Amino acid sequence: MSEVVPADRLLDGLNPQQREAVTYRGPALLIVAGAGSGKTRVLTHRIAGLIAAHEAWPSQILAITFTNKAAAEMRERAESLMGSVAEGMWISTFHSACVRILRREAENFGFTKNFTIYDSHDSRTLIKRIIKAQEAEEYGCSVSGVAGRISKIKNELADPDSFARTVNESDPNELAFLAVFREYQRSLQAANAFDFDDLIGQTVYLFRAFPHVADVYRKKFRHILIDEYQDTNHAQYALIHELTRETEDGLPGASLTVVGDSDQSIYSFRGADIRNIAEFERDFPGATVILLEQNYRSTQTILSAANAVIANNFDRKDKSLWTDVGAGEKIVGFTGYSAHDEAQFVVDEIGALHAQGMGYSQISVFYRTNAQTRALEEIFIRSALPYRLIGGTKFYERAEIKDALAYLISIVNPVDALAVRRILNTPKRGLGPAAEAQLQNFAEVNGVSVREALRSADSLGFGPKAVRAIADLSSLLDEATALADGGAVAEVLQLLMQKTGYLDQLRTSKDPQDEARAENVDELIAVTKEFAKNHPEGTLTDFLTEVSLVAAADEIDDVSGSVSLMTMHTAKGLEYDAVFITGVEEELLPHRMAAMEPGGPAEERRLFYVGITRARQRLFLSLAMTRALFGQTGSAAPSRYLQEIPAELIEWKEQAGIAGGWGDAPSRSLGRSGGWGDEGGWSSLAPARPKTEWANRVTNQIRDNGDLTLQVGDRIMHVDFGEGTVMDVTGVDTKRVAHVRFDQAGPKKLLIKIAPIEKI
DNA sequence: ACCGAGAAATTTTTT
DNA sequence: ATTTCTCGGT
């Protein structure tokens, strides 16, 4: 750990605006921080300055970041500035901070401290059941529609009662929705559970309903700092207001510092309100605004492209990033025939960058939708490039992990009906829908939890087999509960996974996927052990909280030596030496769903802007002429945003490394004034070349060349690349990689086991 | 109660 | 294209 920085050196290396942002003192400060302008540095130095000057104790600091990773990073940086005193500070996401408060205060309003956190998946499961039970499909209630609507309502801090007052009573669809919403909220309360939106909303409710509780936190947090303020929604905004209010006994409100950039507001779909930042000065009288416009991240070329793009959003405050590091290299553009073609370009360029000495972990590939990962992954795997998917189908969303977690939840929060019902027949123990309904009914009639109902199995008229199964489950849960009292998270999970036979069932299953599922459960057990090591005092509830709140970006691990693949949303707040933005096409960026919404195209443009400004040295923009959607291949047109980048900043390579290609046709360059335009699309380009010549014919057969041995000098034939000579073989076992120089397509690296190759 | 086959729906972005 | 849902047979 580096040395503690003395207080009088905290301003070293900061520019005048940054210094002002670090040293300004007042009730409210808005730092308008352009991309890459060193805002994290400013925030940590500001905190360190407060503490060094004894203006605040660490425990009086509340810093809110967008992801847990950002929180961890900020904590680390703060510790390097001021040492271990940083430990007492609250640095976390909105959600984590609210959970911490709610666990302490839950008893005040009908919850217990072991409440469950329902993620969006859990919410949907619950909503689906309610819709079915109330037969609300007839009234236009779809699961996704209801879920989205409830989330929106909660983000506006309404509850079923206040919402009911706005409902048109003569509209049966509205009433059906209201009934579902009411039942959903009732179920959450009965299950001692909060959904993601409740974590914020109920904290606000708690503060408003119990001022003396709010005062505890108002007195505790004297300095509140919020990052990514442009992406706060109304509930978060209200929470900030509650926390910075004057206390009952007249202590003035805490000082508030917010950092944000309206050009990077990309979460309006989940209620983020750009007005929060636009109207900050009006909301917090006496506020000061400081602008950070000098960029320390990117080359001038990248910044010029970013500025040119974002300038097309008309209702923004004019702001222009600049740097003094020089122009750097041109942006590279590429148009592939298919998504696989595009992926091959990405892989080839990454290979070249790596050969020049750039580490894989300094390279990232962005896309608009998670569905785009398929083609990228296929080509990455074939090329044996180390990569990591960030986000997407997350570990904690896998069914087997949810099953295992449901067991743990049933231990700490036995009234959580969703969890108990999930484990009731997992693994299969002969308790199907009928048994479930009977237990549910018994629980409701007698006013007990489903967990309690399990204890009365023999009085419910089940057959002897079912009674036996229920009694076994019930006593196992009791045994695990007793063990959990000691806090042994890993032991509890292991006990449950073994005694239920869940792991054994997965291991002996004939479904080949179950092997991977068993490994995932083992991985979860490893996670619990790791957790116990890091948190010796950690309870089962602490563990469950942690896994409920992991964000996609939290998975990034800089030392892994892998290329990171992620959506542009996930990329917010990150930076890489080289960035690839893929799928820069109409219908995808802007996405077709956003193109029609008011403000949609502008938000998509901000998203593109966020993507561009993640790049330090090199930026690559790519697209494909055809792309599969729903398994159907359709044609795609270049994104309107591409044409907003001055043509001289981009060097286009339509088709890389294919023999007989357009290498000799630079006039077809797809710049702003290039080969497409008003008459539009690809019609003039696509027929120019027969499809068969493109390197996109990816076979979907799973190859297994496991026993194929190659030696330097061998000649091979590849399905896409034709003939080539093996130049080198590296790696061992299933990870053997052939370095091949293809006669036509140039040098490639191939994973021998699965590459579509044959020795000739 | 369980399992398989066929049908239907799905993909915007996320704490 | 893949995953989830539904239905009918065992």
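Bear in mind that the values here come from a model prediction, so they are computed numbers and not experimental data. Order of the sequence lines sets the chain letters (A, B, ...), proteins ahead of strands, with each chain counted from 1.
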A/D403 and A/Y502: side chain donor to acceptor below 3.5 Å: yes

Quick one: sort the A/Y267 and A/F269 rings into parallel, tilted or perpendicular, breaks at 30° and 60°. tilted

Between A/N233 and B/dT15, is there a contact of a side-chain N or O with OP1 or OP2 at under 4.0 Å? no

Taking for each residue the nucleotide of DNA chain B with the nearest heavy atom, is it A/R429 or A/L629 whose nucleotide lies nearer the 5' end? A/R429

Given the P atoms of B/dT13 and C/dT4, what is the spacing between them in whole Å? 15 Å

Find the distance A/L239:CG to B/dT15:P and express it as a whole number of Å. 19 Å

Classify A/E597 by what it touches in the nucleic acid, base, sugar-phosphate, or nothing, heavy-atom distance under 4.0 Å. base

Considering every strand and a 4.0 Å limit on heavy-atom distances, what is the contact class for A/A434: base, sugar-phosphate, or nothing? sugar-phosphate

Nearest-Å distance, CZ (A/R368) to C1' (B/dT11)? 10 Å

Please confirm whether A/R103 makes a cation-pi placement over A/F115, using NZ or CZ under 6.0 Å from the six-membered ring centre and within 45° of the ring normal. yes

Which part of the nucleic acid, if any, lies within contact of A/F94, taking any heavy atom under 4.0 Å across all strands shown: a base, the sugar-phosphate backbone alone, or nothing? nothing

Does A/E587 offer a backbone N or O that forms a donor-acceptor pair with the side chain of A/R368 under 3.5 Å? no

Separation of B/dT14 P from A/H121 NE2 (nearest whole Å): 15 Å

Pairwise P distance, B/dT11 and C/dT6 [rounded to whole Å]: 16 Å

Checking all strands, does A/A371 fall into the base, sugar-phosphate, or nothing category for heavy-atom contacts under 4.0 angstrom? base

Mark up nucleotides 5-10 of chain C, 5' to 3', with B wherever a protein heavy atom is under 4.0 angstrom from a base atom, S wherever such an atom reaches only the sugar-phosphate, and - elsewhere. SS----

Taking the side chain of A/K428 as its heavy atoms from C-beta onward, which of B/dC3, B/dT15, B/dT14 lies nearest to it? B/dC3

A/E586 CD to B/dT12 C1', straight-line distance once rounded to whole Å: 15 Å

Distance flag, aromatic centroids of A/Y609 and A/Y641, threshold under 6.0 Å: no

Separation of atom CZ in A/R124 from atom C1' in B/dT11, rounded to whole Å: 12 Å

Quick one: label A/R592 by what it contacts on the DNA or RNA (base, sugar-phosphate, nothing), any heavy atom closer than 4.0 Å. nothing

Between A/N155 and B/dT15, is there a contact of a side-chain N or O with OP1 or OP2 at under 4.0 Å? no

Kindly say whether, by distance alone, the side chain of A/H591 makes a donor-acceptor pair under 3.5 Å with the base of B/dT12? no

Any side-chain to backbone donor/acceptor pair from A/S265 onto A/S262? Under 3.5 Å, distance only. no

Determine, using ring centers only, whether A/Y217 and A/F207 are less than 6.0 Å apart. yes

Is A/S96 near enough to B/dT15 that one of its side-chain N or O atoms lies under 4.0 angstrom from OP1 or OP2? no

Just by modelled atom types, is the A/I153 backbone N or O under 3.5 Å from a matching donor or acceptor in the A/E156 side chain? no

By nearest-nucleotide position on DNA chain B, the 5'-leaning member of A/F269 and A/L431 is A/L431

Nearest whole Å is fine: how far is B/dT13 C1' from A/R270 CZ? 9 Å

Is A/T582 reaching over with its side chain to a backbone N or O of A/V365, donor-acceptor style, under 3.5 angstrom? no

Can you find a side chain N or O atom of A/T570 that sits less than 4.0 Å from OP1 or OP2 on B/dT14? yes

Go through C/dA1, B/dC2, B/dT15 for me and flag the one nearest to the A/F630 side chain. C/dA1

Side-chain contact check for A/N425: nearest option of B/dA1, B/dC2, B/dT13 is B/dC2

Rounded to whole Å, how long is the line connecting atom CZ of A/F608 with atom P of B/dT13? 18 Å

Output the rounded distance in Å from CZ (A/F366) to C1' (B/dT14). 16 Å

